[in-house]
Amino acid sequence: MRKVINIKDRFSQELSNINNILTALENNRYYELTHSKMDGTVSHNANKLRKEISQLLYKIEYDKKSILDEFEDFFSNKK
């Protein structure tokens, strides 16, 4: 079967954002436990995760540019 899109490569930054949220939660980095505002509450992290996944799926479904594509466009236009 032919792969149409390599999601891991094309959307690596989006997947990294999702992974960072999950890693923080796995490592017990959330406000209720650490009392550090930068960690955010479990609820905030869940909402952030939901938003990141939703945005990624939208980009895939509608063939929108990834964050890396947008950076590439931005910097190639600066030359």
Side-chain angles (χ1 to χ4, degrees):
M1 183 179 290
R2 184 177 150 280
K3 186 183 267 191
V4 177
I5 182 173
N6 189 335
I7 293 171
K8 287 182 182 177
D9 287 344
R10 181 169 175 198
F11 297 99
S12 61
Q13 185 59 52
E14 288 86 348
L15 291 168
S16 179
N17 293 346
I18 291 167
N19 188 57
N20 290 342
I21 297 167
L22 291 171
T23 299
L25 291 171
E26 281 177 334
N27 292 328
N28 297 317
R29 299 286 312 184
Y30 51 90
Y31 179 74
E32 292 87 345
L33 187 62
T34 65
H35 302 291
S36 175
K37 290 185 180 185
M38 70 178 227
D39 290 333
T41 64
V42 171
S43 169
H44 174 76
N45 282 295
N47 287 332
K48 209 163 75 168
L49 186 56
R50 188 175 290 112
K51 179 181 173 187
E52 291 284 341
I53 292 169
S54 177
Q55 288 174 344
L56 174 58
L57 292 174
Y58 176 83
K59 288 177 181 182
I60 294 168
E61 289 175 341
Y62 293 97
D63 197 28
K64 299 294 183 184
K65 292 183 177 186
S66 69
I67 291 172
L68 293 178
D69 293 335
E70 291 176 1
F71 278 139
E72 185 178 299
D73 288 350
F74 177 79
F75 287 111
S76 66
N77 290 333
K78 291 292 183 183
K79 291 180 183 179

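Numbers here simply count residues along the sequence, with the first being 1.
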K.L.:
Using every non-hydrogen atom in the two residues, find where Val42 and Tyr30 come nearest and quote the distance to one decimal.
P.N.:
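Nearest heavy atoms, Val42 then Tyr30: CG2-CD1, 3.4 Å.
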
K.L.:
Show the atom names and distances, to 0.1 Å, of all donor-acceptor pairs under 3.5 Å that link a side chain in residues 50-58 to residues at least two apart or in another chain.
P.N.:
| residue | atom | partner | partner atom | Å |
| --- | --- | --- | --- | --- |
| Arg50 | NH1 | Asn47 | OD1 | 3.0 |

K.L.:
Check whether any side-chain N or O of Asn45 sits under 3.5 Å from a backbone N or O of Asp39 as a donor-acceptor pair, and report yes or no.
P.N.:
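Side chain of Asn45 to backbone of Asp39, a donor-acceptor pair under 3.5 Å: yes, one is there.
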
K.L.:
Working to the nearest 0.5 Å, report the span between OG of Ser12 and CG of Asn19.
P.N.:
11.5 Å

K.L.:
For Arg29 and Thr34, work out which heavy atoms get closest and say how close.
P.N.:
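Shortest heavy-atom separation between Arg29 and Thr34 comes out as CA-CG2, 4.1 Å.
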
K.L.:
Calculate, to the nearest 0.5 Å, the distance between atoms CD and OG belonging to Glu32 and Ser43 respectively.
P.N.:
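Answer rounded to 0.5 Å: 8.0 Å.
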
K.L.:
Measuring from Asn20:CG to Lys48:NZ, what's the distance to the nearest 0.5 Å?
P.N.:
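Asn20 atom CG to Lys48 atom NZ measures 8.5 Å (nearest 0.5 Å).
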
K.L.:
List the residues meeting salt bridge (charged side-chain N to carboxylate O under 4.0 Å, His left out) with Asp9, not counting sequence neighbours, and say none if there are none.
P.N.:
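Here no residue qualifies.
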
K.L.:
I need the Ser66 OG to Glu14 CD distance, nearest 0.5 Å.
P.N.:
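If we round to the nearest 0.5 Å, Ser66:OG and Glu14:CD are 5.5 Å apart.
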
K.L.:
Can you establish whether the number of heavy atoms outside Glu72 located under 6.0 Å from its atom CD is more than 12?
P.N.:
no

K.L.:
Taking only residues two or more places apart in sequence, or in another chain, which ones meet Ile7 in a side chain to side chain contact (heavy atoms under 4.5 Å, CB included)?
P.N.:
Ile5, Phe11, Leu15, Ile60

K.L.:
Check each of Asp69, Leu68, Ile67 against Arg10 using the side-chain contact (heavy atoms from CB on, under 4.5 Å) test, and report the only one that passes.
P.N.:
Asp69

